[in-house]
Amino acid sequence: MMSWFASLLINTVALMVVAGYFDAFHIENISAALLASVLLSLFNVFLKPILVLLTLPVTIFSLGLFLIVINAALLSLTAELMGNSFNIDGFGMALLAAVIISLLNMFLTNFVLEPIKKSRKRK
């Protein structure tokens, strides 16, 4: 449970960072970013495996790069459900945001969360 909460916080930070750098990616406030993070994590748990299975031939043919398109689609779906508090202007921006959010998640998890977990295990 604590790992999921930490993942939500990291995803929220990543969403806010992307929103801070791009005008075409707008999140109204931190509570909207947290709600978007929750929705996105639920989509990743329930919808993403189905989408990956349905698009498996395309994903294999593209050497896994189609997963970025799936991430962008789920990000766009999240923005649609959030209404005016979370807007993405176009699918191209969603693709760029999906790549940046994935990289930020990887960076924050590996260089922030993992060292914290390791220091807790030492005590």
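Counting begins at 1 with the first residue of the sequence.
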TODO: Locate the shortest heavy-atom distance separating Leu75 from Ala98; write the atom from each residue and the value.
DONE: CD2-N, 4.0 Å
Open item on the list: I need the Leu77 CG to Leu39 CG distance, nearest 0.5 Å.
Closed with: 8.5 Å
Task: Distance-minimising heavy-atom pair for Ser3 and Lys117 - done: OG-NZ, 3.9 Å
- [ ] Without swapping roles, check the side chain of Thr55 against the backbone of Leu51 for a donor-acceptor pair under 3.5 Å.
- [x] yes
TODO: Hey, could you give me the CE/OG distance between Met16 and Ser37, rounded to the nearest 0.5 Å?
DONE: 11.5 Å
TODO: For Phe111, enumerate each residue passing the ring-ring contact (aromatic ring centres under 6.0 Å, His included) test, keeping only those at least two apart in sequence or located in another chain.
DONE: Phe107
Open item on the list: Which heavy atom of Ile27 sits nearest to which heavy atom of Ala32, and what is that distance?
Closed with: CG2-CB, 3.9 Å
Task: Spacing of His26 atom NE2 and Phe86 atom CZ [to the nearest 0.5 Å] - done: 10.5 Å
Quiz: residues 65-72 side-chain donor-acceptor pairs under 3.5 angstrom, not counting sequence neighbours:
from, atom 1, to, atom 2, distance (Å)
Asn71, OD1, Lys48, NZ, 2.8

TODO: Give the cluster check for Leu108 versus Met106: same hydrophobic cluster or not, with ILVMFWY residues linked at side-chain heavy-atom distances below 4.5 Å.
DONE: yes
Open item on the list: Quick check: is Val13 connected to Leu8 through a chain of hydrophobic side chains (ILVMFWY, heavy atoms under 4.5 Å apart)?
Closed with: no
- [ ] May I have the step-by-step check of side-chain contact (heavy atoms from CB on, under 4.5 Å) for Leu81 and Leu35, ending in yes or no?
- [x] CA-CA 11 Å; Leu81 290 177; Leu35 179 60; over 6 Å; no
Task: side chain to side chain donor-acceptor pair (under 3.5 Å): pairs with one or both residues in residues 78-90, sequence neighbours excluded - done: none
Task: Set of ring-ring contact (aromatic ring centres under 6.0 Å, His included) partners for Phe22, sequence neighbours left out - done: none
Task: Pairwise side-chain contact, Tyr21 with Asp23, heavy-atom cut-off 4.5 Å (strictly under) - done: no
Open item on the list: Are Phe91 and Val99 linked, directly or through intermediate hydrophobic residues, by side-chain heavy-atom contacts shorter than 4.5 Å (ILVMFWY only)?
Closed with: yes
Task: Summary of side chain to side chain donor-acceptor pair (under 3.5 Å) pairs that have at least one residue in residues 94-107, sequence neighbours excluded - done: Asn11-Asn105
- [ ] Look at the side-chain heavy atoms of Ile, Leu, Val, Met, Phe, Trp and Tyr, link any pair under 4.5 Å apart, and say whether Phe43 and Trp4 land in one connected group.
- [x] no
Open item on the list: If I take atom CZ from residue Phe5 and atom OG from residue Ser41, how far apart are they, to the nearest 0.5 angstrom?
Closed with: 12.0 Å
TODO: Return the minimal non-hydrogen interatomic distance between Ala97 and Phe25, and the atom names on each side.
DONE: CB-CE1, 3.6 Å
- [ ] Establish whether Val38 and Ile101 are linked, either directly or via other cluster members, by ILVMFWY side-chain heavy-atom contacts under 4.5 Å.
- [x] no
Task: Hydrophobic cluster partners of Ile50 (side-chain heavy atoms under 4.5 Å) - done: Leu54
Task: Closest heavy-atom pair and its distance - Pro49, Asn44 - done: CD-O, 3.5 Å
Task: Nearest atoms (heavy-atom pairs only) where Val112 meets Ile116 - done: O-CG1, 3.2 Å
Task: Gap separating the CD1 atom of Ile10 from the CG atom of Leu15, nearest 0.5 angstrom - done: 12.0 Å
